[in-house]
Amino acid sequence: MIHDGQVINETLAIRQYIDSTFKAAETQSVLSPEDDFQRTMSVVTWISVSSDYVFRDLNLAMCKKRYALEAEGKSEVEIQRILEEPVAHAREVLRNLETMFSRTSGCKGKGFVVGNTLTWADLFLFPIFADVCALPERRLVVQESPLLFAWFERMEKLAISKNTFPGTVAAARL
């Protein structure tokens, strides 16, 4: 990211820069709630889980592997055979995420990952789900995480998702 001559490369650093810059400009950032310690900790937990585990276990192990296999010209049968272990692990990850999500207000079909307003938790998790849902493995999300799939479908309709979608890996698949 480049803003006012500042070049920031790391996702968490970009998050902190946006929060700090726009708070310094006396614009309240709704992406990082400060009004409720428990909610703040929940947002941080989801960011950590998304960055440290979900990205690795879904995007790197399954999505990127599929892209590489397709680029090598492997058949769908070969790809599915090679992806058996990553897909089995992805099922487990999605079930665990579904359990975690079921404890939040977002699971009630109205809100976001943490509460009734968009937070960094949504913005960290959405691109990972967009990549998975652009693949045949989308069925895993539907089967193993129906509440999160409903959240994903709500997120997909938001302007922030639509405006940042062009140029993504998921967009290239559709």
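This chain uses plain numbering: 1 for the first residue, then up along the sequence.
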### Message
Once salt bridge (Lys or Arg N to Asp or Glu O under 4.0 Å) is applied, what residue pairs with a partner in residues 50-63 remain, sequence neighbours excluded?
### Response
none

### Task
Determine yes or no for a side-chain-to-main-chain donor-acceptor pair under 3.5 angstrom, with Asn59 supplying the side chain and Ile128 the backbone.
no

### Task
Compare all side-chain heavy atoms of Trp151 with those of Phe129 and state whether any distance is below 4.5 angstrom.
yes

### Summary
For residues 132-147, the salt bridge (Lys or Arg N to Asp or Glu O under 4.0 Å) pairs (sequence neighbours left out) are Arg66-Glu137, Arg91-Glu144, Arg95-Glu144

### Message
Ring-plane angle category for Phe126 and Phe152, please: parallel below 30°, perpendicular beyond 60°, tilted otherwise.
### Response
parallel

### Query
What distance do Lys74 atom NZ and Ile82 atom CD1 have between them, rounded to the nearest 0.5 Å?
5.0 Å

### Message
Restricting to non-hydrogen atoms, name the atom on Tyr67 and the atom on Asp131 that form the minimum distance, rounded to 0.1 Å.
### Response
OH-O, 3.9 Å

### Message
Holding to side-chain contact (heavy atoms from CB on, under 4.5 Å), I want the full list of residues that pass it with Ala171, two or more places apart in sequence or in another chain.
### Response
Phe165, Thr168

### Task
Find out if a path of hydrophobic residues (ILVMFWY) with successive side-chain heavy-atom gaps under 4.5 Å connects Ile160 to Trp120.
yes

### Task
Check whether any side-chain heavy atom of Leu58 sits under 4.5 Å from a side-chain heavy atom of Leu140, and report yes or no.
no

### Query
Between Ser161 (side chain) and Met155 (backbone), is there a donor-acceptor pair under 3.5 Å?
yes

### Query
Looking at side-chain heavy atoms only, is the closest gap between Ser50 and Phe55 below 4.5 Å?
no

### Query
Does Ser75 use its side chain to pair, donor to acceptor, with the backbone of Glu78 at less than 3.5 Å?
yes

### Message
Please evaluate residues Gln80 and Glu76 with respect to the criterion side chain to side chain donor-acceptor pair (under 3.5 Å), reporting the C-alpha separation (whole Å), side-chain torsions for both, the decisive distance (0.1 Å), and the verdict.
### Response
CA-CA 6 Å; Gln80 287 182 16; Glu76 184 59 27; 3.0 Å; yes

### Query
Does Thr99 offer a backbone N or O that forms a donor-acceptor pair with the side chain of Ser102 under 3.5 Å?
yes

### Heavy-atom neighbours of Glu85 CD exceed 12 at 6.0 Å
no

### Message
Can you give me the closest heavy-atom contact between Val113 and Phe101, atom names plus distance?
### Response
CA-CE1, 3.8 Å

#### Entry: Residue pair Thr117 / Phe112: nearest heavy atoms and the distance that separates them
C-CD1, 3.3 Å

### Task
Give a yes or no on whether the backbone of Met41 and the side-chain of Thr45 come within a donor-acceptor separation of less than 3.5 Å.
yes

### Query
Is Leu148 close to Leu94 at the side-chain level, that is, under 4.5 Å between some pair of heavy atoms?
no

### Query
When you measure from the side chain of Asn163 to the backbone N and O of Ala159, does any donor-acceptor pair fall under 3.5 Å?
yes

